[in-house]
Amino acid sequence: MVVADRVGLGLIQSLARPGGNITGLASWVPGDWTAKQIQVLQELVPGASKIALLVNPSNPMHRLMVAEEAPSAARKLGVALPIVEATADEELDIAFASAAAQHADAIIVLGDVLIIRQAPRVIALAAKHHLPAMHFFRQFADGGLVVYGPDIFDLLRRAGGYVDKILKGIKPPSCRSSSRPDSSW
């Protein structure tokens with residue numbers, strides 16, 4: 001499986017000792033991820049002090065980030081991070097209009113199935129509302145300002161190796177990649 005914060009979501013006990021009968025790849029490393037996104041955006045949009053976060057509140061990872069990592073990053077870097085939400089296609093227009101109405105200087109678009117499915121529309125909405133946008137997946141490189149996130153296609157290719165090992169009888173905890181220990185568990 002490919003997930004973000006596997007410890008924060010309660011899927012494993014710790015990165016050092018995952019425990020259980022599970023393996024997978026990480027799409028995000030918890031800690032200062034949001035702070036790094038903000039710093040990159042501030043380099044690209046000098047003076048950005050209000051950066052909206054587009055989140056899907058039905059996504060457990062988004063809820064975890066909004067509750068824990070985002071407030072810490074905002075305090076640390078002295079920026080406002082208004083949250084705009086979309087749980088369905090028709091709510092994207094409202095979310096971007098809300099970010100613009102709150103005078104956001106830029107927007108961070110968190111990765112989500114809804115967002116990926118609507119990639120061209122999300123890019124168009126950011127342009128329509130004059131919001132420089134940081135996206136999580138490379139599908140947004142065609143028209144988006146910047147992408148800062150994992151190469152999902154590489155993660156999925158690597159997942160095939162995990163499936164192969166498991167089908168050959170190797171227990172999931174033994175499937176950890178020695179070449180990239182920070183991104184597999």
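Being a predicted model, the structure only gives us computed values, none of them experimental.
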Novice: Looking at CD of Q118 and CD1 of I123, how far apart are the two atoms once the value is rounded to the nearest 0.5 Å?
Specialist: 11.5 Å

Novice: With a 4.5 Å heavy-atom cut-off, do P82 and K50 have their side chains touching?
Specialist: yes

Novice: Regarding S72 and E68, do their side chains bring together a donor and an acceptor under 3.5 Å, going by distance alone?
Specialist: no

Novice: Can you find a heavy atom in the side chain of T34 that is under 4.5 Å from one in the side chain of M65?
Specialist: yes

Novice: So which heavy atom on P57 is nearest to which on A86, and how close?
Specialist: CD-O, 4.0 Å

Novice: Considering all heavy atoms of both residues, which atom of L114 and which atom of T87 are nearest to each other, and what is their separation?
Specialist: CD2-C, 3.8 Å

Novice: To the nearest 0.5 Å, how far apart are CD1 in I51 and CG in L81?
Specialist: 6.5 Å

Novice: Rounded to the nearest 0.5 Å, how far does CG of L54 lie from CG of L92?
Specialist: 6.5 Å

Novice: Working to the nearest 0.5 angstrom, can you tell me the gap between N56 CG and R63 CZ?
Specialist: 9.0 Å

Novice: For R121 and E90, which heavy atoms make the closest approach, and how far apart are they?
Specialist: NH2-CA, 4.2 Å

Novice: As an exercise, state the distance from NE2 of H135 to CD1 of I115, rounded to the nearest 0.5 Å.
Specialist: 9.5 Å

Novice: For D112 and H62: C-alpha separation, side-chain torsions, deciding distance, then whether side chain to side chain contact (heavy atoms under 4.5 Å, CB included) applies.
Specialist: CA-CA 9 Å; D112 187 76; H62 291 197; 3.7 Å; yes

Novice: For a quick test of reading the model, state the closest non-hydrogen atom pair linking L131 to A99 and the distance between them.
Specialist: CD1-CB, 3.8 Å

Novice: Among residues at least two apart in sequence or on other chains, which ones pass side-chain hydrogen bond (donor to acceptor under 3.5 Å, both in side chains) with R117?
Specialist: D89

Novice: Q39: what forms a side-chain hydrogen bond (donor to acceptor under 3.5 Å, both in side chains) with it, not counting sequence neighbours?
Specialist: none

Novice: To the nearest 0.5 Å, what is the distance between CG on D105 and NE2 on H130?
Specialist: 14.0 Å

Novice: Taking all atoms of both residues into account, what is the closest heavy-atom pair of V84 and S98, and its distance?
Specialist: CG1-OG, 3.7 Å

Novice: Are L44 and L53 connected into the same hydrophobic cluster when the rule is that any two of I, L, V, M, F, W, Y join if their side-chain heavy atoms are below 4.5 Å apart?
Specialist: yes

Novice: What's the shortest heavy-atom distance between E85 and A95, and which atoms?
Specialist: O-CB, 3.5 Å

Novice: Would you say I108 and L110 make side-chain contact, with heavy atoms under 4.5 Å?
Specialist: yes

